[in-house]
Amino acid sequence: MNKGHSLVVSWAFQFLPFSDGQKLLDIGCGGGANIARLLAQYPSSVVDGVDYSQHILLSKKINADAIPKRCNIYYGNVKSLPFSDESYDGAVAVETIYFWQDIALCFQEVRRILKRERYFVIVCELSNPQMGKIWSERCEEMTVYKPEKVKKLLLGAGFCDVEIYTKGIWSVVIAKKYND
């Protein structure tokens, strides 16, 4: 997971719309490599992570030097994030939306925890359902979405200014929370 996604993450993180000093959340933080990368890229930021798997133990180990000063790792599900409304300046989801049950509800939940005029960034390596079909067949719980479908779902969840960047089968989708 940490090594396997490193190329798409290196490419995708050039598009991040965040600023140093913001409070960021890695949703589906898994092995913790993306938290470490965000902590390095934004040295004055707090970068938390949340995941529903036991991989959070690895994430805690990899980011031990930053915990609890600049990082906390939480156990939780994106359908019901354990954070108060408008508690984060930005959120990323790297290679995780494939497994989100009721993705529209999950997008609404991410929107809830974001501050006004802040961004949610989705990084996917398998943004083409034809290319991702082999993985979907291997893993019943996995759904591969076209970037345009992700955009439509984000707009339906109340996000705006959705931008899509692609490179081969890689995609980055960036959505801004409306100012209520």
Tell me, please, which residues at least two apart from [X] pass salt bridge (Lys or Arg N to Asp or Glu O under 4.0 Å).
X	value
Asp65	none
Lys167	none
Arg118	Asp89

Mind checking whether [X] and [Y] have side chains closer than 4.5 Å, heavy atoms only?
X	Y	answer
Val92	Val123	no
Cys71	Ile35	yes
Ile103	Thr143	no
Glu86	Arg116	yes
Val172	Ile122	no
Trp11	Leu7	no

Evaluation steps, side-chain contact (heavy atoms from CB on, under 4.5 Å), between Gln101 and Cys106: CA-CA 8 Å; Gln101 307 254 324; Cys106 293; 6.0 Å; no

Among Asp102, Leu153, Val78, which one satisfies side-chain contact (heavy atoms from CB on, under 4.5 Å) with Phe107?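 With Phe107 as partner, side-chain contact (heavy atoms from CB on, under 4.5 Å) holds for just one option, Leu153.
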
Does [X] have any side-chain hydrogen bond (donor to acceptor under 3.5 Å, both in side chains) partners at least two apart in sequence or in another chain, and if so, which?
X	result
Tyr88	Asp48
Glu163	Tyr165
Ser53	Asp51

Not counting sequence neighbours, which residues clear ring-ring contact (aromatic ring centres under 6.0 Å, His included) with Tyr52? List them please.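 By the ring-ring contact (aromatic ring centres under 6.0 Å, His included) rule, Tyr52 matches no residue at all.
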
For Phe159, give me all partners under ring-ring contact (aromatic ring centres under 6.0 Å, His included), at least two apart in sequence or on another chain.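 For Phe159 the ring-ring contact (aromatic ring centres under 6.0 Å, His included) partners, ignoring immediate neighbours, are Phe120.
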
For a quick test of your reading: what N or O donor-acceptor pairs under 3.5 Å do the side chains of residues 15-27 make, sequence neighbours left out?
{"unit_1": "Asp20", "atom_1": "OD1", "unit_2": "Ser44", "atom_2": "N", "d": "2.7"}
{"unit_1": "Asp20", "atom_1": "OD1", "unit_2": "Ser45", "atom_2": "N", "d": "3.4"}
{"unit_1": "Asp20", "atom_1": "OD2", "unit_2": "Ser44", "atom_2": "N", "d": "3.4"}
{"unit_1": "Asp20", "atom_1": "OD2", "unit_2": "Ser44", "atom_2": "OG", "d": "3.4"}
{"unit_1": "Gln22", "atom_1": "OE1", "unit_2": "Ser19", "atom_2": "N", "d": "2.9"}

Can Ile73 be reached from Tyr42 by stepping across I, L, V, M, F, W or Y side chains whose heavy atoms are under 4.5 Å apart?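 Linked within one cluster.
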
Check the hydrophobic clustering (I, L, V, M, F, W, Y; side-chain heavy atoms under 4.5 Å; chains of links allowed) and say if Ile169 and Val94 are grouped together.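 Yes: a chain of side-chain contacts under 4.5 Å links Ile169 to Val94.
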
Once side-chain contact (heavy atoms from CB on, under 4.5 Å) is applied, do any residues pair with [X], and if so which ones, sequence neighbours excluded?
X	answer
Gln54	Leu57, Tyr75
Glu148	Lys146
Lys176	Glu117, Tyr119, Cys160, Asp161

Closer than 3.5 angstrom, by distance alone: can the side chain of Ser87 be matched with the main-chain N or O of Ser84 as a donor-acceptor pair?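 Present.
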
Short question: side chain of Arg70, backbone of Leu39 - any donor-acceptor pair under 3.5 Å?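 Confirmed, Arg70 side chain pairs with Leu39 backbone.
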
Step by step, would you call Asp85 with Ile113 a side-chain contact (heavy atoms from CB on, under 4.5 Å)? CA-CA 5 Å; Asp85 295 358; Ile113 61 103; 5.9 Å; no

Can Lys79 and Glu109 be said to form a side-chain contact (heavy atoms from CB on, under 4.5 Å), step by step? CA-CA 6 Å; Lys79 287 188 348 184; Glu109 184 65 0; over 6 Å; no

If you apply the rule ring pair (Phe, Tyr, Trp, His ring centres under 6.0 Å), what do you find for Tyr145 with Tyr98, and how did you get there? CA-CA 7 Å; Tyr145 300 94; Tyr98 314 121; 7.8 Å; no

Derivation of the side-chain contact (heavy atoms from CB on, under 4.5 Å) call for Leu155 and Val162: CA-CA 8 Å; Leu155 292 170; Val162 180; 3.8 Å; yes

